[in-house]
Amino acid sequence: ALAAVIGIGLFIFIIHGALNQDSKLTWNKVKPGDRLYAYDGFFKDTILTEFTPFRLLKPIAASDIDTMKIQEWEKVKLKAQLDTSLKPQLVTAEITYKVDSLFKSKSSFVGIYVGKDSIHESGFIDHWYIFKPA
Amino acid sequence: LDIPKGYILSNDNYYMDASDARLEEAPQFK
């Protein structure tokens, strides 16, 4: 059983490292205001036709309910039924970068870097960049 | 944007996998 646990742990460690490997090219160099570009693999691989960023969602908190323009009794109700077990999560954004469009504009420019974040809600990848879209 | 019940947008920012980002223009466009 111990060997199995160690084996699984090693497997996760290796996969995690492999998935985040490319982020090491920029992770310790990037600074706020830098221009972020798409990895050039997007323009070589015919399987990749678009690149979709993500938005971060957070669970509704009592303080958020206070700012809602609803009646007081509705606020009390929402707070009484508040699910506090929710965790932040990433969902695909409403915008997409089409590879064809990037070729037309002759640029892989994605947006302006704002900061880093490490979120564990989307598989093994935990190196995320926060950015303002181009 | 498909926001599940119980969640709200955390901020106005967008997120990308750091492995997909580069600090230089792709070679195809240089």
Side-chain angles (χ1 to χ4, degrees), chain A residues 19-27 29-30 34-44 51-61 64 82-83 86 88-95 102-103 105-111 113-117 119 122 125-133, chain B:
Chain A
L19 286 173
N20 286 291
Q21 184 65 34
D22 282 347
S23 70
K24 291 175 182 171
L25 295 169
T26 56
W27 192 253
K29 298 176 186 173
V30 68
D34 280 350
R35 292 166 69 89
L36 292 181
Y37 299 90
Y39 159 56
D40 63 283
F42 282 105
F43 310 105
K44 294 176 182 172
F51 160 70
T52 305
F54 295 81
R55 303 294 300 272
L56 183 65
L57 304 183
K58 66 173 185 175
I60 291 176
D64 297 313
L82 200 58
D83 181 355
L86 300 172
Q89 65 170 284
L90 288 163
V91 296
T92 49
E94 70 280 20
I95 59 168
L102 294 172
F103 270 112
S105 64
K106 299 178 181 176
S107 176
S108 59
F109 180 46
V110 171
Y113 171 83
V114 173
K116 296 173 184 173
D117 206 341
I119 299 156
S122 183
I125 300 167
D126 59 6
H127 285 177
W128 297 92
Y129 287 152
I130 307 167
F131 71 100
K132 295 287 185 192
Chain B
L1 192 64
D2 188 17
I3 300 178
K5 188 182 178 186
Y7 287 89
I8 56 174
L9 267 179
S10 182
N11 51 47
D12 293 333
N13 295 319
Y14 288 74
Y15 290 70
M16 68 183 294
D17 176 356
S19 297
D20 291 338
R22 295 293 182 270
L23 291 171
E24 293 183 348
E25 183 68 270
Q28 293 86 343
F29 305 116
K30 281 182 178 176

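The sequence lines fix the lettering, A, B, ..., with proteins before strands; numbering per chain opens at 1.
Contact check for B:N13 versus A:L56: no side-chain heavy atoms found under the 4.5 Å cut-off. A 4.5 Å side-chain heavy-atom check between B:P4 and A:Q89 finds at least one atom pair inside the cut-off.
Cation-pi contact between A:R55 and B:Y15: absent, since separation from the ring centre below 6.0 Å together with deviation from the ring axis within 45° is not met.
Here the options are A:T52, A:L36, A:I130, the test is side-chain contact (heavy atoms from CB on, under 4.5 Å), and the partner is B:M16; only A:L36 passes.
Put simply, of A:L102, A:D40, A:V110, the one with the most heavy-atom pairs under 4.5 Å next to chain B is A:D40. Counting heavy-atom pairs under 4.5 Å between each of A:A61, A:P53, A:S107 and chain B puts A:S107 at the top. Taking chain B as the reference chain and counting heavy-atom pairs below 4.5 Å, the highest number among A:G111, A:A93, A:P133 is found for A:P133.
Looking at A:V30, both its backbone and its side chain come within 4.5 Å of chain B, counting heavy atoms on both sides. Interface remark: B:D2 contributes backbone atoms only to the contact with chain A (heavy atom separation under 4.5 Å). With a 4.5 Å cut-off on non-hydrogen atoms, A:F42 touches chain B through its side chain but not through its backbone. Contacts of A:D34 with chain B are made by side-chain atoms alone, with heavy-atom separations under 4.5 Å and no backbone atom involved. The parts of B:E25 that come within reach of chain A are both its backbone and its side chain, each placing non-hydrogen atoms under 4.5 angstrom from that chain.
A:F43 has its ring centre less than 6.0 Å from the ring centre of B:F29.
Atom CG of residue B:D17 and atom CH2 of residue A:W128 lie 5.5 Å apart, to the nearest 0.5 angstrom. If you take NZ on A:K132 and CG on B:D12, they are separated by 5.5 Å, rounding to the nearest 0.5 Å.
Ring geometry, B:Y14 versus A:F131: the interplanar angle falls from 30° to 60°, so the pair is classed tilted.
Taking every heavy atom of both residues into account, B:G6 and A:L86 meet most closely at O-CD1, 3.4 Å. Annotation for A:P59 and B:Y7: closest pair N-CD2, 3.8 Å, computed over non-hydrogen atoms. When every heavy atom of B:A26 is checked against every heavy atom of A:A38, the shortest pair comes out as CB-O, 4.4 Å.
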Problem - B:I8 and A:L57: CA distance, side-chain angles, deciding distance, side-chain contact (heavy atoms from CB on, under 4.5 Å) verdict - result: CA-CA 5 Å; B:I8 56 174; A:L57 304 183; over 6 Å; no

